[in-house]
Amino acid sequence: MELTVVEKHTITSTFLLLDQAEKSFAKLFYDCLFELAPMIKPMFKSDRQLIEQHFFIIFSTAVGNVTHPESLRTTLLNLGERHRAYGVESCHFGIVKSALLLAIQHELKGQCNANIENAWSKYYDFLAATIQEGMLSQSHIAQC
């Protein structure tokens, strides 16, 4: 995965708008996720606010490293190992991607366009692939 300079800029500039709505964005993301896939909600055993806070920290870290995503490799592999323990399956990543893009579209409202969606989609695919690699580190990814 190689993001263009324009895609990297798109991600960082749109994140500035999402960052202003940190709490509402994380809540919106999980609202979208649980609406799209209510069957995965039981996987989230912690307090919802804590889950949202952790999501936004990881999300912020990923955006902060968009110009050198290789520096995230160890963090993402470890995240994959934890996700495997939570029961995450490979088919969940497409649902999460849809929820993320829906939340971005909603938060950016009329400012969202195909270039923004494509940049986020491409970066998400890179992040998800590395997390899935971490899920494989000690066992095989479960298929839905």
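For the single chain, residues carry numbers from 1 onward in sequence order.
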Note: Leu77 and Thr130 closest approach over all heavy atoms is CD2-O, 3.5 Å

Closest non-hydrogen contact found for Tyr86 with Met43 is O-CE, 3.4 Å

To the nearest 0.5 Å, atom CG of Leu3 lies from atom NE2 of His9 at 13.5 Å

Closer than 3.5 angstrom, by distance alone: can the side chain of Asn65 be matched with the main-chain N or O of His68 as a donor-acceptor pair? no

Query raised in the report: Is any side-chain heavy atom of Met135 less than 4.5 Å from a side-chain heavy atom of Ser90?
Result: no

CD of Glu117 to CG of Leu102, rounded to nearest 0.5 Å, is 9.0 Å

When the ring planes of Tyr123 and Phe126 are compared, do they come out parallel, tilted or perpendicular, using 30° and 60° as the limits? parallel

Query raised in the report: According to a 4.5 Å side-chain heavy-atom criterion applied to Ile, Leu, Val, Met, Phe, Trp and Tyr, with indirect links allowed, do Ile131 and Tyr30 form part of one hydrophobic cluster?
Result: yes

Does the pair His92 and His83 meet the rule for a side-chain contact (heavy atoms from CB on, under 4.5 Å), with working shown? CA-CA 11 Å; His92 295 147; His83 277 60; over 6 Å; no

Would a hydrophobic clustering, with Ile, Leu, Val, Met, Phe, Trp and Tyr connected at side-chain separations under 4.5 Å, put Ile57 with Phe59? no

All heavy atoms of Glu7 vs all of Glu2, minimum pair found to be OE1-O, 4.2 Å

Yes or no on ring-ring contact (aromatic ring centres under 6.0 Å, His included) for Phe56 and Phe15, after CA distance, side-chain angles and deciding distance? CA-CA 11 Å; Phe56 204 79; Phe15 177 74; 5.8 Å; yes

**Report entry** Leu17-Ile11 co-clustered via ILVMFWY side chain contacts under 4.5 Å
**Finding:** yes

Exercise for the section: Treating Ile, Leu, Val, Met, Phe, Trp and Tyr as nodes and any side-chain heavy-atom pair under 4.5 angstrom as an edge, say whether Leu50 and Leu79 lie in one connected cluster. Expected result: no

Between Asn115 and Thr10 the two heavy atoms that sit nearest each other are O-CG2, 4.2 Å

The salt bridge (Lys or Arg N to Asp or Glu O under 4.0 Å) partners of Lys97 (sequence neighbours excluded) come to Asp125

ask   = Are Ile51 and Phe29 linked, directly or through other ILVMFWY residues, by side chains that come within less than 4.5 angstrom of each other?
value = yes

